[in-house]
Amino acid sequence: MKIASFNVNSVRARLPNVLSWLEAAQPDVVCLQEIKVETDSFPRDEFSAAHYHLLVHGQKSYNGVAMLARAPLTEISHSLNPDDPQARYLEAQVNGITIINIYAPNGNPVESEKFPYKLDWLDRLIARARHLLAAETPFLITGDYNIIPQPQDCHDPKAWEGDALFRPESRAKWRTLCNLGLTDAFRALHPTQANAYTFWDYQAGAWQRDNGIRIDHVLLSPQLADKLVSCQIDRNPRGQDKASDHTPILVELKL
DNA sequence: ATGCCGTCCGAAGGACGA
């Protein structure tokens, strides 16, 4: 079973890119982030034609998450907080496992209310993970965490000092998730691989200079960590015309 | 470097991203 995560930075602007990547990668499940469209305006027909079932939790202009799957999807939840209008979470069951798709808040600037919002959002995610672990549910959490876990996960750590993606408070939330017993699928299989980035800014030739960061992740519950076969970052979509600033990460599980 | 680019909304240029 191949599960992919891709922050597409607008599903409408990225439709040809996403469809050609789907055709090449052939994932069984896909978690999309930053679809930037209301639920009712999602381009459903194009993904149905590619033989995917679909769950969409959208929002006008910003944020928004969606899930595609070859097998039927059953929605469990689309929020960590009923008072939060931002569409950043989608939890569903497919093929007997629980898949959580996240678009965690950016949190910049750190002096603004956006940073405590980010930390609070991550606390709610940690609470949800604790609950699922206690219930011994096989699950994974994938998506755009907006966290650079370690200095080796960015090209230029000095440049990220003080940024919400690299602040000690943000990295501590990541560590808490890992210390609950979740496995960073990529680092479990590639512990020392450098330049393993999933995002390159559009500005200042970041892609051409490989000035990237690793912020899109897959965390596995213990039951699924035992089934981990491979985890790869697919750099190819980032080099295409009209690319997203993120590129997909794919994990393969032997269920 | 409050810079660089891209997308959204809406019809110019500000908000937002990372």
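Every chain is numbered from 1, with letters handed out A, B, ... down the list of sequences.
- Nucleotides B:dA1 and B:dA11 have their P atoms positioned 37 Å apart, rounded to a whole Å.
- For the pairing with A:F139, the side chain to side chain contact (heavy atoms under 4.5 Å, CB included) check across A:I76, A:L133, A:L219, A:L220 returns one residue only, A:L133.
- Residue contacts for A:N146: at a heavy-atom cut-off of 4.0 Å it reaches the sugar-phosphate backbone alone, with no base atom in range.
- The side chain of A:Y202 lies closest to B:dG17 when the candidates are B:dA18, B:dC9, B:dG17.
- Taking atom CH2 of A:W200 as the reference point, atom P of B:dG6 lies 16 Å away to the nearest angstrom.
- Between the CG atom of A:D144 and the P atom of B:dG17 there is a distance of 11 Å, rounded to whole Å.
- Separation of the P atoms belonging to B:dA18 and B:dC8 is 14 Å when rounded to the nearest angstrom.
- Rounded to whole Å, the distance from NZ on A:K60 to C1' on B:dA15 is 14 Å.
- A:Y197 places a side-chain N or O within 3.5 Å of a backbone atom of A:H155 that can act as its donor or acceptor partner.
- Under a 3.5 Å cut-off, the side chain of A:R14 and the backbone N or O of A:N9 do form a donor-acceptor pair.
- Rounded to an integer number of Å, the gap from CG of A:D245 to P of B:dG17 is 12 Å.
- For A:Y103, taking side-chain heavy atoms from C-beta onward, the closest of the listed nucleotides B:dA15, B:dA18, B:dC5 is B:dA18.
- In this pair, A:W207 and A:W200 present their aromatic rings perpendicular. The plane angle is above 60°, beyond the 30 to 60° band.
- Taking the side chain of A:W160 as heavy atoms from C-beta on, and the options B:dA18, B:dT7, B:dC9, the nearest nucleotide is B:dA18.
- A sub-4.0 Å separation between OP1 or OP2 of B:dG6 and a side-chain N or O of A:N9 is absent.
- Using a distance-only test at 3.5 Å, with no hydrogens or angles considered, a donor-acceptor pair links the side chain of A:Q26 to the main chain of A:E23.
- Proximity of A:R14 to the phosphate of B:dT7: a side-chain N or O atom is located under 4.0 Å from OP1 or OP2.
- Taking the centre and axis of the six-membered ring of A:F199, the NZ or CZ atom of A:R214 falls outside the cone set by 45° and 6.0 Å.
- In this structure, A:S61 does not reach the B:dA15 phosphate: none of its side-chain N or O atoms is under 4.0 Å from OP1 or OP2.
- Rounding to whole angstrom units, CG of residue A:D201 and C1' of B:dG3 are separated by 12 Å.
- Listed pair A:H246 / B:dG17 fails the phosphate criterion, with no side-chain N or O lying under 4.0 Å from OP1 or OP2.
- Between A:D153 atom CG and B:dA18 atom P there is a gap of 17 Å when expressed in whole angstrom units.
- Of the candidates B:dA18, B:dG17, B:dC8, B:dA18 carries the atom nearest the A:N108 side chain, counting heavy atoms from C-beta on.
- Nearest-nucleotide assignment on DNA chain B puts the 5′-proximal partner with A:V37, out of A:Q86 and A:V37.
- Among the nucleotides B:dC8, B:dA18, B:dC5, the one closest to the side chain of A:R12 is B:dC8.
- Residue A:K36 places no side-chain N or O under 4.0 Å from the OP1 or OP2 atom of B:dG6.
- Side-chain proximity of A:N7 to the nucleotides B:dC8, B:dC4, B:dA18 is greatest for B:dA18.
- If you take atom P in B:dG3 and the same atom in B:dA12, they sit 24 Å apart, rounded to whole Å.
- Going from atom CD of A:E161 over to atom C1' of B:dA1 covers 17 Å, rounded to whole Å.
- Comparing the P positions of B:dC16 and B:dG10 gives an interatomic distance of 15 Å, to the nearest angstrom.
- Nucleic acid contact for A:K118: none, since no nucleic acid atom lies under 4.0 Å from a heavy atom of the residue.
- Atom pair A:Y62:OH and B:dG14:C1' shows a separation of 8 Å (rounding to whole Å applied).
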